[in-house]
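We name chains A, B, ... by the order of the sequence lines, and we start the count at 1 in each one.
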There are 2 protein chains.
Amino acid sequence: MNLKQLSELLGLSQTTISRALNGYPEVNAQTRLRVLKAAQETGYRPNRAARRLATGKAGSIGLIMPIASEQSADIHFAEFQRGLADECLAHEFHFVIMPSQPDEEEQAIRGLVSSGSVDAYYLAYMRPRDSRIAMAKSLPTPFIVHGRSLGLAEDYPYVDVDNERAFREATELLLDLGHRRFALINGPADLDFAIRRQIGVEKALAARGLRLAPAAISNTLMTDASGYRQMETILRGEVRPTAVLCASTVLALGAVRAINQAGLVLGRDISLIAHDDDLMLLKPENFIVPLTTTGSSLRDAGRRIAERLITAVANPDADMPIAELWTAELVVRASTGRAPG
Amino acid sequence: MNLKQLSELLGLSQTTISRALNGYPEVNAQTRLRVLKAAQETGYRPNRAARRLATGKAGSIGLIMPIASEQSADIHFAEFQRGLADECLAHEFHFVIMPSQPDEEEQAIRGLVSSGSVDAYYLAYMRPRDSRIAMAKSLPTPFIVHGRSLGLAEDYPYVDVDNERAFREATELLLDLGHRRFALINGPADLDFAIRRQIGVEKALAARGLRLAPAAISNTLMTDASGYRQMETILRGEVRPTAVLCASTVLALGAVRAINQAGLVLGRDISLIAHDDDLMLLKPENFIVPLTTTGSSLRDAGRRIAERLITAVANPDADMPIAELWTAELVVRASTGRAPG
DNA sequence: AAACGCCTCCAAAGCGCTTTGAGTGGCAGG
DNA sequence: CCTGCCACTCAAAGCGCTTTGGAGGCGTTT
């Protein structure tokens, strides 16, 4: 069933039907009712491609799904996506996912945007001086960056968590508990958020005249297995740290396992703080020793980004708030205690 | 940059350009090269909406993302999606996600399909006598069901794991080890896969004259926290089971925690087998006591479904293999041992 | 009575692509 | 020299929608 058929059925012009359906004022209330009813009964849905062609908009936002071969379905990505979905549902948007190898992301975005598949899109997994930002700014399609890119002026729209601050505060907490030897189990070294977290730790330490030994820093995928492996390595080191910071509760899951297996007690022999993205799957309070965390909901971020994107599409001129920097909440639980000895 | 502009630039008709780009034979090799080069240089991409309007196809498959309010970003969904993405990437497809409340799924699919947003789609989270299947069959768009629907003739295209068999075999293994008291921590009670798994357990038990007490069955969301809660309840019961089956390694994560906390030793005091969807996030071999599992890769399922869908789109007449029933692999690790005392 | 304005509705153009049907020019065969 | 055929190219129609620029009818104003 298409517009033409519907118009013939009702003996009205396509114009009128279209207007009636889209809520334009220049149509008789009674006529509109007739149209609405017929549309309902026949199950008519405007063809989205046609609408897009005619209007340039079609109610969809785009995202690139990173597909590194070694990397797997990322729970963090999923949680974020869930936030997007919540918001999209409320506005009858859908989202288009274009999978892409990391080195072809720029290409992928170009494709998505210039083929007119999406009205707006978002960029994530930022690296320092990320070239995608310049590209995005040169394109007419609205976008938002999830995260930021070190080394670039912050003149692009973004939503980010203050990772540096979160990890600085977490480190300060541990310092105040008397800890002196630290380790950091971080995300991939080329990602902006990981770099900022490391900076946060380093700054807090530097303020007390301490520093993070290069050997005490590990960069890895955010999986349970890597968390385990890294922690194992750390525990085997010459000077065992008493305080560990983890970039994710998923990493912490493995890390805690390694700690237990080494016969150490979390919160007594070794303290740990993880960043908590508020994954439904894995709650820090449900760990055997509840985890002290820096928390910030990834899902909320997704929701907010979708919200801003949808607003931008609906309202192209209204200038949006550019920067949004969220503060992670430090929640103290049982995995942090006074430094031993 | 669009076709018209490109044609003016090259002094050729739009027809010729279109043919050159799409590999039709009736164009001079030299001309084709010129066109290809110009397209490359100008960054021309055909508008997807226009192409879809003209051809009826646009290279996208659709899926409904279930958004129950209590349910969260599901790692299983993510893992599956990753498989889809792998395959889509290889064929320059993208996928369109429409989030939907469970009770509006049918509506959501109708919208996605009749608005022409997708060339094909897949259905998942099947329930018994699921009405979506009849609907899908009545629509002209190709689809595949991930899973099956009990109570319906199997005359629709699907890819499923033989859940009943997997759980029957797992149960038999435990029976052979001398276990007599069983518990099942299963997924949501209304989902087909959960029902089949329960049937598998019951059949294996029945063959030895045993049955599963209603109190020994729990249905729950597939999260760490629920796994913990259910196992805790089970352990507090009057007759404590010695063998537990888990619908997911994620559930097992929590369940194992509860077992440890109760001071029991996994594989000795209590045996556990979990279904392993091959989540990268969570490997059964990485549990402190490596988990015995029934394994089947969700990602492979996603890949296969995308493959079949894409074939169906490219090749509408070729009739596809309807049914594909995969066998889960039983992998024995340390979490199963002889029944105690 | 003429003019104006408002309310409804419509015909037609146009979004960017694919595809049909119809030329062109060049060359071999009769 | 004419015809026929091949290789190549083009103009135009059409996909289903939105939107511009009227047009007709009717009540109100001057």
Side-chain angles (χ1 to χ4, degrees), chain A residues 1-36 38-39 42-60 92 111-119 140-141 313-314, chain B residues 1-36 38-39 42-60 92 111 113-119 140 313-314:
Chain A
M1 174 62 61
N2 60 26
L3 235 206
K4 192 172 173 190
Q5 289 165 7
L6 193 60
S7 76
E8 281 163 3
L9 188 73
L10 287 169
L12 286 168
S13 77
Q14 300 187 32
T15 311
T16 305
I17 313 261
S18 171
R19 285 186 165 150
L21 256 27
N22 293 316
Y24 283 79
E26 55 276 83
V27 48
N28 189 304
Q30 215 164 347
T31 312
R32 186 190 304 274
L33 235 56
R34 248 182 81 213
V35 172
L36 250 30
T42 57
Y44 167 76
R45 320 256 173 169
N47 180 303
R48 237 162 150 123
R51 169 176 278 175
R52 158 168 283 283
L53 204 51
T55 61
K57 316 229 157 291
S60 63
E92 290 196 310
L112 214 50
V113 169
S114 59
S115 72
S117 306
V118 301
D119 299 327
T141 309
V313 170
Chain B
M1 173 63 59
N2 59 26
L3 235 207
K4 192 172 174 190
Q5 290 165 8
L6 192 60
S7 76
E8 282 163 3
L9 188 72
L10 286 169
L12 287 169
S13 76
Q14 300 187 32
T15 311
T16 306
I17 313 259
S18 171
R19 284 186 166 152
L21 255 27
N22 293 317
Y24 283 80
E26 54 277 83
V27 50
N28 189 304
Q30 216 164 347
T31 311
R32 186 189 304 273
L33 235 55
R34 248 182 81 213
V35 173
L36 249 31
T42 57
Y44 167 75
R45 320 255 175 168
N47 180 302
R48 235 159 151 124
R51 168 176 281 175
R52 159 169 283 283
L53 202 51
T55 62
K57 316 230 157 291
S60 62
E92 290 195 309
V113 169
S114 59
S115 73
S117 305
V118 300
D119 299 327
V313 171

| note | Here the distance between atom C1' of D/dC17 and atom CD of A/Q5, to the nearest Å, is 14 Å
| Spacing between A/R32 atom CZ and C/dC7 atom C1', to the nearest angstrom | 13 Å
| side chain to side chain contact (heavy atoms under 4.5 Å, CB included) against A/R51, all qualifying residues, sequence neighbours excluded | A/N22, A/P46, A/T55
| request: Using a heavy-atom cut-off of under 4.0 Å over every strand shown, decide if B/R45 touches base, sugar-phosphate, or nothing. | output: sugar-phosphate
| field | Base-contact (B) and sugar-phosphate-only (S) positions in nucleotides 18-23 of chain D, heavy-atom cut-off under 4.0 Å, - elsewhere | value | BBBB--
| remark: Residues at least two apart in sequence or cross-chain that pass side chain to side chain donor-acceptor pair (under 3.5 Å) with B/S117, listed by chain then number, are B/S115
Show me the side-chain donor-acceptor pairs of residues 3-11 of chain A shorter than 3.5 Å, one per line, residues at least two apart or across chains.
from	atom 1	to	atom 2	distance (Å)
A/Q5	OE1	A/N2	N	3.3
A/S7	OG	A/K4	O	2.7

| task | Using the closest heavy atom to pick a nucleotide of DNA chain D for each, name whichever of B/V27 or A/A49 lands nearer the 5' end. | result | B/V27
| request: Hey, could you give me the CD1/OH distance between B/I17 and B/Y44, rounded to the nearest 0.5 Å? | output: 8.5 Å
| Spacing of A/T141 atom OG1 and A/D119 atom CG [to the nearest 0.5 Å] | 8.5 Å
| message | The criterion is side chain to side chain donor-acceptor pair (under 3.5 Å); which residues satisfy it with A/N47, sequence neighbours excluded? | response | none
| said: Rounded to whole Å, how long is the line connecting atom CG of B/L53 with atom C1' of C/dG14? | reply: 12 Å
| task | Would you please confirm or rule out a distance under 4.0 Å between OP1 or OP2 of D/dG16 and any side-chain N or O of A/N47? | result | no
| message | What is the separation between atom CZ on A/R48 and atom P on C/dC17, rounded to the nearest whole Å? | response | 21 Å
| What side chain to side chain donor-acceptor pair (under 3.5 Å) pairs are there with at least one residue in residues 26-35 of chain B, not counting sequence neighbours? | none
| request: Specify the angle, to 10°, made by the local axes at the two ends of the helix from C/dA1-D/dT30 to C/dG30-D/dC1 when five pairs are taken at each end. | output: 70°
| request: Mind checking side chain to side chain contact (heavy atoms under 4.5 Å, CB included) for B/S13 and listing every partner two or more places apart, or none if nothing turns up? | output: B/T15, B/T16
| message | Tell me the interatomic distance from B/N28, atom CG, to D/dC6, atom P, rounded to whole angstroms. | response | 18 Å
| Looking at residues at least two apart in the chain, or sitting in another chain, which of them share a side chain to side chain contact (heavy atoms under 4.5 Å, CB included) with B/S114? | A/R45
| task | Please report, rounded to the nearest Å, how far the P atom of D/dG16 is from the CD1 atom of A/I17. | result | 15 Å
